[in-house]
Amino acid sequence: MSAAAVVPLTERPRPTVQPPAARAADTPLARARASRGWSQLQVIRSLLLLADHWGWLIASANSLKVQLSRWENGANEPSPTYQVLLCAVLRATPSELGFGRVDRPAVPIPGEDVAALADRVQSLETLVIQLSARLGSVVA
C-alpha cells in the first residue's frame, strides 16, 4: 500500500482548542499533595522510602498508584498504616488530610514509647527535607 492510499478516518478539521486536562480530586488529601507541588509519583516514592527507612512493609509502587488515586478521590480511606505514612510524608495531621477517624484512640506501636516515637517523627521530618532538596535538584 502506498502512502497516497492512506485516507484519514474523518474529513472533519481538528478542534482548535484542546479539551481540559483531568483535574485533581477536590479532597483534603489531594489538596495537601497539590499544595506541596508534588505529583502522585513523588508521594508514592516518598511513601516507599519512608516505609523502607522505618522497616515497614507496604504495597508496591504500582499498587500504591491505584490506592493513592482511590484515597484522593474518596473511594476508600487509607488504613492506619498508610494514614501514619501519609501524615508524615505530607507533614499534616489526620484531620488536615481528611481522615475521618481522628477521634479514635491511637494504636500503640509495640515496643515504642512516646519519646521514641517523637524521635522517629523528628528523623522523618529531617529525611523529608533532605528528600525534597534532592528532588528539587533533580528537577532543576
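Only this structure's heavy atoms are used, side chains among them; waters, hydrogens and symmetry mates stay out.
With contacts defined as side-chain heavy-atom distances shorter than 4.5 Å, the pair P80/V84 does not qualify. Taking 4.5 Å as the limit, every side-chain heavy atom of S46 sits out of range of all side-chain heavy atoms of V128. Between W71 and T27, every side-chain heavy-atom pair lies at or beyond the 4.5 Å cut-off. Here the side chains of Y82 and V89 are not in contact, with every heavy-atom distance at 4.5 Å or above. For the pair Q83 and L29, the minimum side-chain heavy-atom distance is 4.5 Å or more. The side-chain heavy atoms of T93 and F99, taken from C-beta on, include no pair separated by under 4.5 Å. E96 places none of its side-chain heavy atoms less than 4.5 Å from the side chain of P28. Using a 4.5 Å cut-off on side-chain heavy atoms (C-beta onward), L85 and W56 make contact.
The two residues H53 and S123 have their closest heavy-atom pair at NE2-OG, 4.4 Å.
Surrounding CZ of R36 are more than 12 heavy atoms belonging to other residues, nucleotides or ligands, all under 6.0 Å away.
Atom CG of residue L97 and atom CZ of residue R91 lie 13.0 Å apart, to the nearest 0.5 angstrom. Atom OG1 of T81 sits about 11.5 Å away from atom CG of L47, to the nearest 0.5 Å. One distance of note links OG of S39 with CZ of R45; it measures 7.5 Å at 0.5 Å rounding. Distance check, rounded to the nearest 0.5 Å: CG of D26 to CZ of R31 gives 4.5 Å. Rounded to the nearest 0.5 Å, atoms CG (L64) and CD1 (I58) are 5.0 Å apart. The line from CG of L131 to CG of L50 is 9.0 Å long, rounded to the nearest 0.5 Å.
At a cut-off of 3.5 Å, with distance as the only test, a side-chain donor of Q67 or S63 sits close to an acceptor on the other residue.
Using modelled atom types, no side-chain atom of S69 and backbone atom of V66 make a donor-acceptor pair closer than 3.5 Å. Judged by distance alone, the side chain of R33 and the main-chain N or O of W38 form a donor-acceptor pair under 3.5 Å. Judged by distance alone, with hydrogens and angles left aside, the side-chain atoms of D52 form no donor-acceptor pair with the main-chain N or O of L48 at under 3.5 Å.
Transitive grouping of hydrophobic side chains (ILVMFWY, heavy atoms separated by less than 4.5 Å) keeps L41 and V43 in distinct clusters.
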